[in-house]
Protein chains: 2
Amino acid sequence: MTAPLTNPGGADARDADDQLVADVFARGCGSRRTLENIAGKWGILALSALHEGAYRFNALRRRVDGVSEKMLSQTLQALERDGLVRRDVQTTIPPHVEYSLTPLGARVAERLIGLIELVESELGTVLAAQAEYDREAADRNRRK
Amino acid sequence: MTAPLTNPGGADARDADDQLVADVFARGCGSRRTLENIAGKWGILALSALHEGAYRFNALRRRVDGVSEKMLSQTLQALERDGLVRRDVQTTIPPHVEYSLTPLGARVAERLIGLIELVESELGTVLAAQAEYDREAADRNRRK
DNA sequence: CGGCATCCCGAGGGATACTG
DNA sequence: CAGTATCCCTCGGGATGCCG
């Protein structure tokens with residue numbers, strides 16, 4: 001065989017013209033890993049918050065309620081590595097580190113904010129669906 | 001005090017007119033939990049796949065490369081409970097279960113697909129940023 | 001075929017303490 | 001202030017086996 005159809009190892013596929021073929025549905029594709037960094041529990045919130053403007057570390061930590069220092073640090077590092085977040089350091093005392101979005105990060109954040117606004121505005125619908133689901137589940141339990 | 005500013009317990013906040021106030025940045029808000037179901041590792045992929053059309057369980061499992069039976073089952077249950085996915089059962093032998101999006105699920109999926117397309121199309125940019133980041137990190141290590 | 005129950009391992013992630 | 005480092009433990013999630 002000349003080329004595998006899937007790439008279990010993790011390298012990204014390329015077509016006959018050596019163009020990068022990104023497919024999140026393929027396990028091991030770089031785009032899936034990047035998507036997970038973005039859409040992970042804290043990635044969404046960090047990127048959305050930074051779309052409001054630059055934040056210093058502890059300010060961002062306060063904005064994203066419930067995130068631990070460790071996880072925020074890890075999240076920001078991953079996003080910086082992916083070229084979505086920029087980290088500017090002032091070597092003063094006390095130190096001053098500011099996080100902001102890169103142009104690509106801003107484009108990603110816009111999508112995320114659209115999603116968040118939809119979810120927030122439809123929360124009532126979701127809560128109603130949950131209540132209905134739970135009620136039916138309880139019914140089924142009572143029967144047997 | 002008349003009303004708490006945050007709601008650590010998990011109930012969703014309401015304003016003076018008893019309108020639901022959804023804020024994903026607040027720990028414990030229902031909208032954050034819903035967002036995590038949607039944007040979690042498998043939620044994004046399941047919803048996006050279902051936007052292509054209805055799927056049976058094992059077909060969906062094949063489409064979402066790498067997902068285990070257990071996780072796909074859990075993911076679909078959560079999304080069904082949130083009113084984003086519909087589950088239609090034919091009690092034949094063998095059983096026939098079809099998953100599809102609700103109208104709200106379709107609206108969510110559209111947002112997710114926009115995000116995925118952006119990430120896939122910019123994968124080259126991301127990979128370049130990663131290489132640059134890793135190169136600089138290696139440099140810093142060599143110095144000390 | 002669809003999918004719950006059980007077992008089990010390793011990564012995820014919190015709390016705390018220390019450094020520049 | 002902005003992190004790293006360490007400890008420790010929960011639980012995410014894979015594998016397997018069994019039912020409708």
Side-chain angles (χ1 to χ4, degrees), chain A residues 8 10 27-28 32-33 36-46 49-50 54-81 85-100 133 136-138 140-141 143-144, chain B residues 8 27-28 32-33 36-46 49-50 54-81 85-100 133 136-137 140-141 143-144:
Chain A
R27 167 175 50 177
R32 188 188 278 194
R33 277 191 300 278
E36 283 167 10
N37 289 338
I38 292 169
K41 189 170 178 180
W42 304 118
I44 295 187
L45 296 176
L50 288 176
Y55 271 93
R56 293 180 57 184
F57 186 84
N58 278 324
L60 186 56
R61 183 152 147 54
R62 263 172 268 123
R63 177 73 178 121
V64 181
D65 189 26
V67 68
S68 72
E69 188 180 285
K70 179 185 176 181
M71 289 318 297
L72 182 56
S73 183
Q74 280 185 10
T75 300
L76 289 171
Q77 275 185 42
L79 295 176
E80 188 196 355
R81 186 171 112 90
V85 163
R86 185 170 26 201
R87 182 172 180 272
D88 291 310
V89 185
Q90 310 274 330
T91 13
T92 58
I93 295 182
H96 191 102
V97 181
E98 199 168 78
Y99 292 91
S100 54
Y133 183 96
E136 286 179 6
R140 250 172 281 119
N141 272 332
R143 253 179 230 233
K144 69 172 182 188
Chain B
R27 168 175 47 178
R32 187 188 278 192
R33 277 192 299 277
E36 284 166 9
N37 289 338
I38 293 169
K41 189 170 179 180
W42 305 117
I44 295 186
L45 296 176
L50 288 175
Y55 272 92
R56 293 181 57 182
F57 186 85
N58 279 324
L60 186 56
R61 182 152 148 56
R62 272 183 304 266
R63 176 74 179 117
V64 181
D65 189 27
V67 69
S68 72
E69 182 183 294
K70 180 184 176 181
M71 289 319 298
L72 182 57
S73 182
Q74 279 185 10
T75 301
L76 289 171
Q77 274 186 43
L79 294 175
E80 188 196 355
R81 187 172 110 92
V85 163
R86 185 170 26 201
R87 181 172 181 272
D88 290 309
V89 185
Q90 310 274 331
T91 13
T92 57
I93 294 183
H96 191 102
V97 182
E98 201 167 77
Y99 292 92
S100 55
Y133 182 96
E136 286 178 8
R140 251 172 279 119
N141 273 332
R143 254 180 231 237
K144 68 173 183 188

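Note that the structure is a prediction, hence the values are computed from the model and not measured. Per chain, numbering begins at 1; letters A, B, ... match sequence-line order.
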Exercise. OP1 or OP2 of C:dG3 less than 4.0 angstrom from a side-chain nitrogen or oxygen of B:Tyr99, does that happen here?
Worked result: yes
Problem set entry | side-chain contact (heavy atoms from CB on, under 4.5 Å) partners for A:Thr91, two or more places apart | none
Seminar exercise, completed: side-chain contact (heavy atoms from CB on, under 4.5 Å) filter on B:Arg87, not counting sequence neighbours, yields B:Glu80, B:Val89, B:Val97, B:Tyr99
Are there any protein N/O atoms within less than 3.5 Å of an N/O atom in nucleotides 13-17 of chain C, and if so, which ones and at what distance?
residue, atom, partner, partner atom, Å
C:dG13, N7, A:Lys70, NZ, 2.9
C:dG14, OP2, A:Ser68, OG, 2.7
C:dG14, O6, A:Lys70, NZ, 2.5

Could you tell me the separation between the [atom1] atom of [X] and the [atom2] atom of [Y], rounded to the nearest 0.5 Å?
X       : Y       : atom1 : atom2 : answer
A:Phe57 : A:Glu69 : CZ    : CD    : 5.5 Å
B:Asn37 : B:Gln77 : CG    : CD    : 11.5 Å
B:Asn58 : B:Leu72 : CG    : CG    : 9.0 Å

Problem set entry | For B:Arg81, all residues meeting side chain to side chain donor-acceptor pair (under 3.5 Å), sequence neighbours excluded |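 In terms of side chain to side chain donor-acceptor pair (under 3.5 Å), with neighbours along the sequence ignored, B:Arg81 is linked to A:Asp134.
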Seminar exercise, completed: Shortest non-hydrogen pair, B:Ser100 vs B:Asp88, comes out as OG-OD2, 4.3 Å
Exercise. What is the minimum heavy-atom distance between A:Pro95 and A:Arg56, and which atoms define it?
Worked result: O-NH2, 3.5 Å
For this session: Determine whether A:Leu50 and A:Tyr55 make a side-chain contact, defined as any pair of heavy atoms from C-beta on separated by less than 4.5 Å.
Result: yes
Exercise. With sugar-phosphate meaning primed atoms plus P, OP1 and OP2, does A:Arg87 contact a base, only sugar-phosphate, or nothing at under 4.0 Å between heavy atoms?
Worked result: sugar-phosphate
For this session: Take A:Leu45 and B:Arg32 through the side chain to side chain contact (heavy atoms under 4.5 Å, CB included) test and state the conclusion after the steps.
Result: CA-CA 9 Å; A:Leu45 296 176; B:Arg32 187 188 278 192; 3.7 Å; yes
Problem set entry | Derivation of the side chain to side chain contact (heavy atoms under 4.5 Å, CB included) call for B:Leu60 and B:Leu76 | CA-CA 11 Å; B:Leu60 186 56; B:Leu76 289 171; 4.0 Å; yes
Exercise. Mind checking which nucleotides bracket the chain A contacts on DNA chain D, 5' to 3', with an atom under 4.0 Å from a heavy atom?
Worked result: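 Nucleotide range in contact with chain A: D:dC1 to D:dT4.
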Problem set entry | First encountered from the 5' end of DNA chain D, between A:Gln77 and A:Pro94 | A:Pro94
Problem set entry | Selected nucleotide, minimal atom distance to B:Asn58 side chain, candidates C:dG2, C:dC4, C:dG3 | C:dG2
Problem set entry | Distance, rounded to the nearest Å, where B:Gln90 contributes CD and C:dG2 contributes P | 12 Å
For this session: Note the angle between the end axes of the helix from C:dC1-D:dG20 to C:dG20-D:dC1, five pairs defining each, rounded to 10 degrees.
Result: 50°
